[in-house]
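Lettering follows sequence order; numbering is per chain, from 1.
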2 protein chains.
Amino acid sequence: MSADPSARRGIPDATVARLPEYLRALTGFAERGITSVSSEELAAAAGVRSAKLRKDLSHLGSYGVRGVGYEVDHLAYQISRELGLTQDWPVAIIGMGNLGHALAAYSGFATRGFRVVALLDQDSHLLGQEIAGITVQPMDALTSLAEQGLAIGVIATPAASAQDVCDQLVAVGVRSILNFAPCVLVVPEDVDVRKVDLSTELQILAFHEQRRALAAEGALEHVTLEPINSAVGR
Amino acid sequence: MSADPSARRGIPDATVARLPEYLRALTGFAERGITSVSSEELAAAAGVRSAKLRKDLSHLGSYGVRGVGYEVDHLAYQISRELGLTQDWPVAIIGMGNLGHALAAYSGFATRGFRVVALLDQDSHLLGQEIAGITVQPMDALTSLAEQGLAIGVIATPAASAQDVCDQLVAVGVRSILNFAPCVLVVPEDVDVRKVDLSTELQILAFHEQRRALAAEGALEHVTLEPINSAVGR
DNA sequence: ACGCTTTTGTGAACGGATGCACAAAGTCAC
DNA sequence: GTGACTTTGTGCATCCGTTCACAAAAGCGT
């Protein structure tokens with residue numbers, strides 16, 4: 001039941017990690033003019049089991065109608081609100097190498113809820129250059145950016161500079177960091193770091209690929225190799 | 001104990017996901033000329049607790065020496081071997097937009113174990129262009145690439161083309177796919193898909209950021225807000 | 001108004017991952 | 001060779017997340 005929506009405290013991390021996918025699926029339905037979906041349909045579109053979807057949604061309240069399903073627009077709004085996407089989050093990207101360049105132009109950042117307000121680099125010969133309509137500024141600009149309210153920092157520098165840049169972000173009050181550099185960042189307890197690492201993902205794929213190759217050779221014939229579908233666990 | 005190394009079957013997914021980080025940390029130690037580390041030191045460098053590290057390593061055998069620690073080179077080799085990095089995995093990147101372009105040039109792919117053998121795009125005006133020393137080919141090239149042994153496909157196309165590209169990869173026998181497109185891919189059971197989604201990561205950060213903002217307002221004063229450090233769970 | 005059908009929301013069982021605490025096993029000094 | 005010290009490897013308890021299965025709740029047709 002959980003009739004009182006203010007009773008929903010502490011949504012599990014695993015659930016939060018899936019909410020964006022549900023939201024995306026709902027957006028897809030809305031674009032096709034579908035106004036109502038069952039948990040079965042939505043779960044299929046999001047790549048999960050319906051029981052999991054229902055339990056996830058139950059953590060944010062009771063927005064479904066038994067015997068009918070969920071109203072697409074309403075559920076999308078509730079998830080957006082829960083994720084904090086009903087307001088704009090100012091984002092700064094630090095490090096304008098190949099990756100930073102691509103991130104600046106990446107449409108995923110233009111998704112409702114996020115606004116790239118600055119591109120920073122310490123390399124002086126990039127300064128003043130315009131990328132995706134935004135002028136590249138020096139690292140000094142961080143302080144004034146923070147005063148105007150900077151919520152999220154994206155680190156796209158080489159690993160060697162990442163901790164230094166991270167420290168600067170934390171110093172000006174940024175507590176949400178998305179790290180693309182292949183290294184561990186040390187931060188105070190109240191700072192949230194998420195890491196995206198291409199090399200790590202490849203290595204995990206290689207592990208499973210090798211496992212399959214060995215199994216095919218018959219070297220592991222006594223091993224069950226069905227459960228390969230490991231999804232996006234993390 | 002687990003004296004018989006061939007007894008280590010079925011390494012937990014959570015452990016596999018951390019092995020690349022341990023390997024990176026070990027490489028760092030090796031570069032600084034350190035030949036031996038304790039589980040405490042290695043765990044700190046990898047951002048985990050030592051008990052977790054030891055349990056993880058115990059899944060691949062008993063490579064430590066009690067009272068001493070682990071020999072850096074030897075352990076790095078064992079992890080590399082377990083991950084399948086002692087052989088080369090041919091990688092193809094499909095979709096040469098901003099992101100694909102950055103990926104082609106990204107040094108993370110040049111890490112030992114992976115070799116970008118092809119860049120593909122269906123946009124005819126990109127064909128023949130050279131990126132990071134590799135000529136962009138049309139999608140037709142997939143078949144001959146597969147014959148030469150293609151292990152991993154990286155999808156960096158827009159979401160609308162991703163499923164189509166994925167189907168083509170699966171059709172030529174690729175069973176490991178890294179998907180950067182913001183969509184769910186439908187694949188046969190024996191195909192392994194890992195997804196990297198910038199927008200999802202941002203939304204997860206936004207959730208925690210909002211949670212902190214609400215807590216600061218006092219709206220959630222009865223809530224424990226200590227456990228914000230959610231690490232790289234996924 | 002009533003019973004039939006559909007689908008949600010959730011209690012309970014299960015399984016996997018994490019953290020603790022310690023015995024086992026090795027090194028090193030003397 | 002012996003004893004003190006260090007650090008690994010792991011049994012155990014706990015926690016978190018997933019799955020199952022079903023009762024509760026809503027619509028709908030008659």
Protein-nucleotide distance (B:R54, atom CZ; C:dA24, atom P), rounded to Å: 16 Å
Evaluation steps, side chain to side chain donor-acceptor pair (under 3.5 Å), between A:Y106 and B:N98: CA-CA 7 Å; A:Y106 187 60; B:N98 279 305; over 6 Å; no
Interatomic distance, B:L57 CG vs D:dG9 P [rounded to whole Å]: 7 Å
B:Q78 CD to D:dG9 P, straight-line distance once rounded to whole Å: 12 Å
Derivation and outcome, salt bridge (charged side-chain N to carboxylate O under 4.0 Å, His left out), residues B:K195 and A:E21: CA-CA 11 Å; B:K195 186 176 152 194; A:E21 196 60 58; 2.3 Å; yes
Comparing A:V68 and A:T15 on DNA chain D - which has the more 5′ nearest nucleotide: A:T15
What does the list of N/O pairs under 3.5 Å between the protein and nucleotides 11-15 of chain D look like, with a distance for each?
residue: D:dG11; atom: O6; partner: B:K55; partner atom: NZ; Å: 3.1
residue: D:dC12; atom: N4; partner: B:K55; partner atom: NZ; Å: 3.3

Residues touching DNA chain C, which here means a heavy atom under 4.0 Å, drawn from residues 23-41 of chain B: none
Close side-chain approach of B:D167 to B:V186, heavy-atom, < 4.5 Å: no
Donor-acceptor pair (no angle test) under 3.5 Å: A:R66 side chain, C:dT7 base: no
Donor on one side chain, acceptor on other, B:T27 and B:E31, under 3.5 Å: no
Modelled atom types, side-chain donor and acceptor of B:R54 and B:S39, under 3.5 Å: yes
Phosphate-side-chain proximity, B:Y70 and C:dG26, N/O vs OP1/OP2 below 4.0 Å: no
Candidate pair B:S36 and B:E71, rule side chain to side chain donor-acceptor pair (under 3.5 Å), full reasoning: CA-CA 4 Å; B:S36 175; B:E71 207 226 324; over 6 Å; no
Donor-acceptor pair, side chain of A:W89 and main chain of A:G84, under 3.5 angstrom: yes
Any A:R18 side-chain N or O less than 4.0 Å from OP1/OP2 of D:dT18: yes
Length of the line joining A:D13:CG and D:dG17:C1', which is rounded to integer Å: 11 Å
Any A:R49 side-chain nitrogen or oxygen under 4.0 Å from OP1 or OP2 of D:dG17: no
Between C1' of D:dT18 and CG of A:D56, the distance in whole Å: 10 Å
Test item: B:V196 and A:D197 side chains (from C-beta on) under 4.5 Å apart, heavy atoms: no
Among C:dG9, D:dA21, D:dA26, the nucleotide that comes nearest once only the side chain of A:V65 is considered: D:dA26
Whole angstrom value for the distance that separates P of C:dT27 from CD of B:E71: 14 Å
Side chain proximity check, A:L198 to B:L103, heavy atoms < 4.5 angstrom: yes
Rounded interatomic separation in angstrom, taking OH from B:Y63 and C1' from C:dA25: 18 Å
Proximal nucleotide (of D:dG17, D:dA26, D:dT18) relative to the A:K52 side chain: D:dT18
Length of the CD1-P vector between A:I11 and D:dG17, whole Å: 12 Å
Basic-acidic side-chain contact under 4.0 Å: B:E209, B:R212: yes
